[in-house]
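Hydrogens, waters and symmetry mates are skipped; everything else that's a heavy atom, side chains included, is used. Ligands are counted one by one from 1 in listed order, and the atoms in each one are counted from 1 as well.
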Amino acid sequence: MNRNIRALFPMLLGPVLALLLLLAPKTFGQAIATPPELRISGAVSTPLVLTLADLKKMPRKTLSVVNPHANKSETYEGVLLEEILRRAGVPQGEKLRGSSMAIYVIAEAEDGYRVVFSLAELDSGIMESEVIVADTMDGSPLAAKQGPFRLVAPHEKRPARWVRMLKTITVVAP
Ligand SMILES: Nc1nc2c(c(=O)[nH]1)N[C@H]1C(S)=C(S)[C@@H](COP(=O)(O)O)O[C@H]1N2
Ligand SMILES: [Mo]
């Protein structure tokens, strides 16, 4: 190799290293991305950030439902939304009365889809909605377009509030 070209290498070393350092977070950021999280915030005493591992440690509920769209039976497993809201500190049971009866939650997905549930319809002291935050279907983690978190509202005729790719639960006390 030409002597002059070889002499260039030490000079290039600095800039090349600098460039690599600059690009490193972008390149490796994907590989070591933070695990998916579900955030519960708004009018709560304890805002929560839950991972799949956190959900696995909570009381689990299994639901066998017929998804009217898929027209087949599906088994979802997850945690009652009521239980998650309990840990966030919303009024429930006998404390759910008066002005609290107007509190609602907005469940929002990665694609911007949003639905509303009232606190009252999620309270088993009032009715058994059995709405869960599911993290598995038929024993497997939910696929990318479905999860990793999905609401399942088993008593509803159309699965319109079965929010896929669930990202945040915001509690609103109007
Ligand atoms: N994130 C997200 N979730 C969503 C929707 C949506 O557009 N985005 N559509 C809802 C509607 S209207 C229906 S019918 C079901 C469809 O769920 P499926 O793909 O399991 O049949 O997802 C519900 N959840
Ligand atoms: Mo739908």
Side-chain angles (χ1 to χ4, degrees), residues 26 29-44 46-92 96 100-174:
K26 271 194 183 148
Q30 304 287 347
I32 50 167
T34 51
E37 292 167 345
L38 174 64
R39 288 172 182 274
I40 296 88
S41 63
V44 297
T46 312
L48 303 174
V49 180
L50 300 173
T51 62
L52 282 169
D54 293 328
L55 283 196
K56 302 286 184 206
K57 286 184 237 150
M58 293 170 70
R60 310 277 297 170
K61 183 160 185 78
T62 304
L63 295 172
S64 281
V65 289
V66 175
N67 178 341
H69 270 207
N71 206 19
K72 64 175 175 68
S73 180
E74 297 171 338
T75 300
Y76 288 92
E77 208 192 281
V79 177
L80 277 174
L81 182 51
E82 181 183 28
E83 174 68 28
I84 291 171
L85 290 169
R86 177 173 303 130
R87 288 167 190 234
V90 304
Q92 288 177 328
L96 182 55
S100 296
M101 285 299 289
I103 299 178
Y104 60 93
V105 307
I106 302 174
E108 181 163 359
E110 211 64 64
D111 61 353
Y113 189 68
R114 297 192 299 170
V115 307
V116 159
F117 287 91
S118 68
L119 218 49
E121 70 181 313
L122 296 172
D123 194 296
S124 56
I126 292 177
M127 60 175 280
E128 298 285 356
S129 74
E130 298 190 290
V131 173
I132 65 168
V133 173
D135 54 23
T136 74
M137 186 185 64
D138 297 335
S140 303
L142 295 170
K145 285 277 174 223
Q146 300 282 320
F149 307 106
R150 176 181 201 172
L151 287 183
V152 176
H155 303 297
E156 298 180 8
K157 292 182 179 173
R158 218 155 53 83
R161 293 201 288 183
W162 294 24
V163 178
R164 298 181 272 106
M165 304 174 286
L166 178 65
K167 195 177 65 175
T168 59
I169 305 280
T170 308
V171 179
V172 183

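- With a heavy-atom cut-off of 4.0 Å, Leu166 does not touch ligand 1 at all.
- Pro154 and Leu63 make their closest contact through CG-CD1, 3.7 Å (heavy atoms, listed as atom of the first residue, atom of the second, distance).
- Atoms of ligand 1 found under 4.0 Å from any heavy atom of Asn67, numbered from 1 in the order shown, are 20 (O), 21 (O).
- Counting only heavy atoms of the protein, atom 3 (N) of ligand 1 lies nearest to Arg164 N, 3.0 Å.
- Between Glu108 and Thr170, the closest side-chain pair of non-hydrogen atoms is not below 4.5 Å.
- Counting only heavy atoms of the protein, atom 14 (S) of ligand 1 lies nearest to His69 CE1, 2.9 Å.
- Annotation for ligand 1: atoms under 4.0 Å from non-hydrogen atoms of Trp162 are 22 (O), 23 (C), 24 (N).
- Of the protein's heavy atoms, Pro159 O, 3.4 Å lies nearest to atom 23 (C) of ligand 1.
- Taking 4.5 Å as the limit, some side-chain heavy atom of Ile84 sits within range of a side-chain heavy atom of Val133.
- Side chains of Leu38 and Thr168 form no contact here, defined as non-hydrogen atoms less than 4.5 Å apart.
- Shown in contact with Ala109 at under 4.0 Å from a heavy atom are these atoms of ligand 1, numbered in order with element: 1 (N).
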Residue pair Arg158, Glu156: steps toward the salt bridge (Lys or Arg N to Asp or Glu O under 4.0 Å) verdict: CA-CA 6 Å; Arg158 218 155 53 83; Glu156 298 180 8; over 6 Å; no
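- Contact atoms of ligand 1 toward Met165: 1 (N) (distance under 4.0 Å to a heavy atom of the residue).
- Closest heavy-atom approach to atom 16 (C) of ligand 1 within the set Arg150, Arg114, Glu110: this belongs to Arg150.
- Of all the heavy atoms of Tyr113, the ones lying under 4.0 Å from any atom of ligand 1 belong exclusively to the side chain.
- Glu77 pairs with exactly one of Arg150, Arg60, Lys61 by the salt bridge (charged side-chain N to carboxylate O under 4.0 Å, His left out) rule, that one being Arg60.
- Residue contacts with ligand 1 leave out Lys145, since none of its heavy atoms falls under 4.0 Å from the ligand.
- For atom 8 (N) of ligand 1, the closest non-hydrogen atom of the protein is Asp111 OD2, 2.8 Å.
- At least one donor-acceptor pair under 3.5 Å links the side chain of Asp54 to the backbone N or O of Thr51.
- Glu83 places no side-chain N or O within donor-acceptor distance of the main-chain N or O of Leu80, the cut-off being under 3.5 Å.
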